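The structure under discussion appears below in the form of C-alpha cells.
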Amino acid sequence: MNQAAQQLRTVVVEREFPHPPEKLWRALTQPHLIEAWLMKSDFQPVAGHKFQFNADWGSVECQVEEVVPQKTLSYTWSAYGVETVVTWTLDATGSGTLLRMEQAGFRLDQEQAYQGAQYGWQNFFKQLEQLVAKAAA
C-alpha cells in the first residue's frame with residue numbers, strides 16, 4: 001500500500017435500529033425520504049447513476065457505485081475538493097437492523113471536512129431515526 005493511501009481517514013457511524021432492513025433501505029433510496037433526513041437529491045438506486053445532494057450551503061456531486069438491495073449502497077461524494085465514498089451496510093439483527101455508514105477517503109490535510117463529516121453524520125443519523133420512527137407510527 002502506498003503512503004498516500006495509508007494517510008486517508010474514514011468516518012464511521014453505526015447504529016442499531018428497531019426496524020427491518022426494508023424500511024431503512026427505503027429511507028436510504030427514495031428521494032422524498034432522503035430529503036426528509038439528509039438533503040434534496042435526484043438519487044436513483046442504479047449503479048452508474050449520477051446525482052446531486054443539494055443544501056443551502058451548496059451541492060455534492062455523486063455517482064452510485066454499488067447497489068445490493070437491502071444490504072449495501074455505495075456512492076461517491078464530491079464537494080469542495082473532497083473526494084470520498086459513502087458506503088451504507090444493512091445487517092438484519094434479532095431486533096431490527098444494524099446500519100453502518102462509512103465515508104472513506106479524507107486526506108490528512110482535509111481536517112475541517114473530516115471533522116464536519118463526523119459531526120454532520122451524527123445529526124443525519126438522528127434525523128433518520130426520527131423519520132423511520134415516525135413512519136412506523
Side-chain angles (χ1 to χ4, degrees):
M1 188 184 275
N2 69 25
Q3 198 171 0
Q6 291 174 348
Q7 295 180 346
L8 296 178
R9 294 192 291 175
T10 301
V11 172
V12 176
V13 180
E14 229 177 44
R15 206 149 299 150
E16 188 158 349
F17 286 81
H19 307 289
E22 307 81 65
K23 184 169 196 171
L24 286 162
W25 184 257
R26 282 194 300 274
L28 293 175
T29 59
Q30 293 183 5
H32 71 285
L33 295 176
I34 296 169
E35 183 177 354
W37 68 272
L38 183 57
M39 285 180 260
K40 194 173 180 66
S41 77
D42 53 346
F43 176 83
Q44 290 177 20
V46 176
H49 175 69
K50 290 186 163 128
F51 67 101
Q52 284 187 327
F53 285 118
N54 294 293
D56 51 7
W57 50 263
S59 64
V60 182
E61 299 291 328
C62 304
Q63 181 172 326
V64 179
E65 298 285 302
E66 183 183 11
V67 180
V68 180
Q70 298 171 32
K71 292 268 178 217
T72 307
L73 175 63
S74 179
Y75 44 81
T76 60
W77 179 286
S78 175
Y80 302 107
V82 177
E83 305 279 332
T84 58
V85 175
V86 173
T87 302
W88 296 93
T89 310
L90 296 82
D91 286 311
T93 64
S95 57
T97 305
L98 180 64
L99 181 64
R100 177 185 172 94
M101 186 288 311
E102 191 173 296
Q103 186 173 12
F106 291 96
R107 296 189 320 261
L108 292 181
D109 64 353
Q110 296 173 324
E111 182 66 24
Q112 187 176 356
Y114 177 73
Q115 294 294 336
Q118 287 190 309
Y119 173 79
W121 284 115
Q122 294 292 338
N123 285 341
F124 290 141
F125 261 73
K126 282 183 193 135
Q127 291 168 230
L128 177 60
E129 283 177 313
Q130 291 167 358
L131 174 71
V132 292
K134 262 194 289 192

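Quantities reported herein were computed from a predicted structural model and do not represent experimental measurements.
If you check the side chains of Q103 and T84, you find a donor sitting under 3.5 Å from an acceptor.
Put simply, the side chain of F43 does not reach to within 4.5 Å of the side chain of L28, judged on heavy atoms. Between L128 and L99 there is a side-chain heavy-atom pair separated by less than 4.5 Å. Side-chain contact between V64 and V46 is absent, with no heavy-atom pair separated by less than 4.5 Å.
Criterion: ILVMFWY side-chain heavy atoms under 4.5 Å apart, direct or through other members. Under it, W57 and Y119 are not part of a common hydrophobic cluster. Placement of V82 and M39 within a single hydrophobic cluster is found when ILVMFWY residues are connected by side-chain heavy-atom separations under 4.5 Å, directly or transitively.
Between atom CG of residue L38 and atom CZ of residue F125 there is a gap of 10.5 Å, rounded to the nearest 0.5 Å. Taking OG of S41 as the start and CD of Q30 as the end, the distance is 11.0 Å to the nearest 0.5 Å. Taking CD of E102 as the reference point, atom OG1 of T89 lies at 7.0 Å (rounded to 0.5 Å). Here the straight-line distance linking atom CZ of R100 with atom OG1 of T87 works out to 9.5 Å at 0.5 Å rounding.
Between W25 and F17, the distance from one ring center to the other does not fall under 6.0 angstrom.
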- Task: Would you check, one step at a time, whether the test side chain to side chain contact (heavy atoms under 4.5 Å, CB included) holds for R26 with L33?
- Result: CA-CA 7 Å; R26 282 194 300 274; L33 295 176; 4.1 Å; yes
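For T97, the side-chain contact (heavy atoms from CB on, under 4.5 Å) test picks out P21, L24, L90, with sequence neighbours left out. Applying the side-chain contact (heavy atoms from CB on, under 4.5 Å) criterion to E35, with sequence neighbours excluded, gives K40. Judged as a side-chain hydrogen bond (donor to acceptor under 3.5 Å, both in side chains), and not counting sequence neighbours, D56 has no contacts. Applying the ring-ring contact (aromatic ring centres under 6.0 Å, His included) criterion to Y80, with sequence neighbours excluded, gives no partner residue. For E83, the side-chain contact (heavy atoms from CB on, under 4.5 Å) partners two or more places apart in sequence, or in a different chain, are S78. Applying the side-chain hydrogen bond (donor to acceptor under 3.5 Å, both in side chains) criterion to Q52, with sequence neighbours excluded, gives E61. Q110 pairs by the side-chain hydrogen bond (donor to acceptor under 3.5 Å, both in side chains) definition with nothing, not counting sequence neighbours. Taking the side-chain hydrogen bond (donor to acceptor under 3.5 Å, both in side chains) definition, one finds that W37 meets it with nothing, sequence neighbours left out. Legend: residues meeting ring-ring contact (aromatic ring centres under 6.0 Å, His included) with F53, ordered by chain and number and at least two apart, are F51, Y75, W77. Every residue was checked against the salt bridge (Lys or Arg N to Asp or Glu O under 4.0 Å) condition with E16, not counting sequence neighbours, and none meets it.
For residues 105-133, the pairs satisfying salt bridge (charged side-chain N to carboxylate O under 4.0 Å, His left out) are R9-E111, R15-E129, R107-D109, with sequence neighbours left out. Within the structure, the salt bridge (charged side-chain N to carboxylate O under 4.0 Å, His left out) test picks out no pair touching residues 62-75 (sequence neighbours left out).
In plain terms, the two heavy atoms of G105 and L8 that are nearest each other are O-CD2, 3.7 Å. Scanning both residues, Q7 and L108, for their nearest heavy atoms gives O-CG, 3.2 Å. The shortest non-hydrogen separation linking A117 to V11 is CB-CG2, 3.9 Å. I34 and A27 make their closest contact through CG1-O, 3.5 Å (heavy atoms, listed as atom of the first residue, atom of the second, distance).
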